[in-house]
Amino acid sequence: MRRTRAAAAGAVTVSLLTAVTACGGGSSTGGGSNDSPKTLTYWASNQGASIEVDKKVLQPELDKFEKQTGIKVKLEVVPWSDLLNRILTATTSGQGPDVLNIGNTWSASLQATGGLLPWDAKNFAKIGGKDRFVDSALGSTGAQGQDPAAVPLYSMSYALYYNKKMFADAGIAKPPATWDELTADGKKLSEDGKWGLGAEGSNPSENIHHAFVFAKQHGADFFTADGKPDFTNDGAVAGVKQYVDLMAKDKIIAPGNAEYAQNQSVSDFAKGKNAMLLWQGAAANLKSQGMSADAYGIAPVPVQSGTPGTGTQVNSMVAGINLAVFKNTDNLDGATKFVKFMTSDAEQKTLNTAYGSIPPVKTAQADAAFNAPDTTVLKDTLAGSAAALPQVADESQFETAVGTAVKELFADAAAGRPVTTDSVKAALEKAQQQMPTK
């Protein structure tokens, strides 16, 4: 998610995630057909400030595709809060679109359902080849050692956005590079009804992104090397506590942010209610809400010490949106043509410019349009200090279970209940118990 946001996915049942029924409107064998060569159904994720904004961005491009190919695309923009469950329901009911957007962190989970078209060398050749895409984006397209379940469409990373005037008024000369600096700056900025930092405390997927990064910075992960859940290790517990403590202990996030799940923290930042924001490619969203580009700066997300990099200096998950095809689509050729169109250099430039994201296609990413200061920070982060979330079949349950645990910890913080190492560990232990047993 991914607003470019991968927002709350909602509860996911084990039966849905382990289903292997292919989906779509085509062949009952799940192999796809070309029975309906003149139409496609496309589920797009909500990338812009609203669903209506997405329709205005996408419909002209779909009209171009229809003019070029004669294939009419029926568009539905699906809110992030509904998207994952809609997809999982489709994999069991057999009623789904031909082409759809998926959060790249879901790739391995959806791959495990068997409902998505594998992108083997033959299929990649139809859209110009696998080597057109940057490695960081390809790293979040499915389980290692298997053909990708989807093709990268939009790439993003987290960055720190800061209000220049609020910083100047507080006597802060530069953006924080470490969490200690961010906390100190945030305390200076949290006064007169304004706050140092915004958060989406009620959004499980947003929570998991930050929990993952904080755990990495504490030298930990939420899964063992062989893919088993390990939510209560010391580093994971410390990382989650440090994140929630920005509200609970440091008090630089407003308690009301514990209820945010629909990008309200972006709106608060645009209105000058928060001085800082951790977000994926926020420029287009902020512009749509009337905040001029010269009113804010953008910097890498802080680390514990030093500068961003690999290992414990990771400061973002590899964020992004992938484009997938349901395996039993009834317009297999048309779906492939549509993926080729959407990942063409021209469309990559148009769409990623509109959404403030980074093209995962190498030639498009090199375009001068993506060399502005804000996109340079995002590109540098993706290239050098971002890590992919675990590409394991249980990743979707992980997002829901741990993301919800963090949501509940934020609720404790907002209510004034203590958030301790023990309470964090207990919340994560409860989350681990919700994971499927093998």
Side-chain angles (χ1 to χ4, degrees), residues 6 16-24 26-34 40 42-43 45 83-84 87-88 90-92 94 96-155 223 225-227 317-344 348 359-362 382 387-396 398:
L16 285 174
L17 281 168
T18 57
V20 295
T21 304
C23 164
S27 165
S28 61
T29 64
S33 74
N34 287 300
L40 286 172
Y42 175 39
W43 284 358
S45 54
L83 184 58
L84 182 57
I87 297 168
L88 291 169
T91 64
T92 56
D98 300 286
V99 186
L100 71 159
N101 287 8
I102 64 173
N104 66 352
T105 64
W106 305 338
S107 295
S109 291
L110 295 178
Q111 183 180 50
T113 70
L116 301 183
L117 178 74
W119 285 87
D120 56 19
K122 181 179 178 181
N123 283 329
F124 263 115
K126 295 176 182 178
I127 64 170
K130 188 175 182 179
D131 60 358
R132 294 183 63 235
F133 299 90
V134 299
D135 290 341
S136 61
L138 288 171
S140 294
T141 54
Q144 188 174 2
Q146 298 184 36
D147 290 323
V151 173
L153 181 63
Y154 313 128
S155 286
F223 288 86
D226 57 356
M317 45 83 72
V318 176
I321 308 303
N322 292 342
L323 197 59
V325 174
F326 270 118
K327 188 184 290 184
N328 70 333
T329 170
D330 54 13
N331 190 356
L332 185 58
D333 290 345
T336 304
K337 290 177 181 177
F338 185 66
V339 173
K340 182 177 181 179
F341 172 80
M342 294 289 278
T343 58
S344 66
Q348 283 285 290
V361 172
K362 295 174 184 176
L382 280 171
L389 263 73
Q391 293 292 300
V392 296
D394 296 336
E395 200 282 333
S396 294
F398 158 61

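As the structure is a prediction and not an experimental result, all values here were calculated from the model.
Val392 is listed as a side-chain neighbour of Phe223, based on a closest heavy-atom distance under 4.5 Å. Side-chain contact between Ser109 and Phe398 is absent, with no heavy atoms from C-beta onward closer than 4.5 Å. Between Phe326 and Asp98, every side-chain heavy-atom pair lies at or beyond the 4.5 Å cut-off.
From Asp120, atom CG reaches atom NZ of Lys130 across 10.0 Å, with rounding to the nearest 0.5 Å. Expressed to the nearest 0.5 Å, how far CG of Asn104 lies from CG of Leu138 amounts to 11.0 Å. Considering CD1 of Ile87 and OG1 of Thr92, their distance stands at 12.5 Å, rounded to 0.5 Å. Rounding to the nearest 0.5 angstrom, the gap separating the CD1 atom in Ile321 from the OG atom in Ser45 is 4.0 Å. To the nearest 0.5 Å, atoms OG1 (Thr336) and CD1 (Ile127) are separated by 8.5 Å. Annotation: the span from Thr329 atom OG1 to Leu116 atom CG amounts to 12.0 Å, rounded to 0.5 Å.
Under 3.5 Å, the side chains of Thr113 and Thr91 contain no donor-acceptor pair of N or O atoms.
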Inset, instruction - Verify side chain to side chain contact (heavy atoms under 4.5 Å, CB included) between Leu332 and Leu117, making sure each step is shown before the conclusion. - result: CA-CA 10 Å; Leu332 185 58; Leu117 178 74; 4.2 Å; yes
Inset, instruction - Check the pair Asn101 / Leu323 against side chain to side chain contact (heavy atoms under 4.5 Å, CB included), numbers first and verdict last. - result: CA-CA 5 Å; Asn101 287 8; Leu323 197 59; 3.3 Å; yes
Legend entry - Intermediate values then yes/no, side chain to side chain contact (heavy atoms under 4.5 Å, CB included), Leu382 and Val318: CA-CA 7 Å; Leu382 280 171; Val318 176; 4.1 Å; yes
Legend entry - Candidate pair Asn34 and Asn331, rule side chain to side chain contact (heavy atoms under 4.5 Å, CB included), full reasoning: CA-CA 4 Å; Asn34 287 300; Asn331 190 356; 3.7 Å; yes
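Side-chain atoms of Thr141 do not come within 3.5 Å of backbone N or O of Ala149 as any donor-acceptor pair. A donor-acceptor pair under 3.5 Å links the side-chain atoms of Ser107 to the main chain of Ser140, judged by distance alone. Between the side chain of Gln348 and the backbone N or O of Thr343, no donor-acceptor pair lies under 3.5 Å. With Ser396 contributing its side chain and Trp106 its backbone, the two residues share no donor-acceptor pair below 3.5 Å. With hydrogens and angles ignored, the 3.5 Å screen pairs a side-chain donor or acceptor of Lys362 with a backbone N or O of Asp131. No donor-acceptor distance shorter than 3.5 angstrom exists from the side chain of Gln111 to the backbone of Pro118, with no hydrogens or angles considered.
Across all their heavy atoms, Ala90 and Trp43 have their closest contact at CB-CH2, 4.3 Å. Pairing each heavy atom of Phe338 with each of Tyr42, the nearest pair is CZ-CD2, 3.8 Å. The minimum heavy-atom distance between Ala137 and Pro360, with the atom names listed, is CB-CB, 3.7 Å. Contact record, Leu153 with Met342: CD1-O, 3.8 Å, taken as the closest heavy-atom pair.
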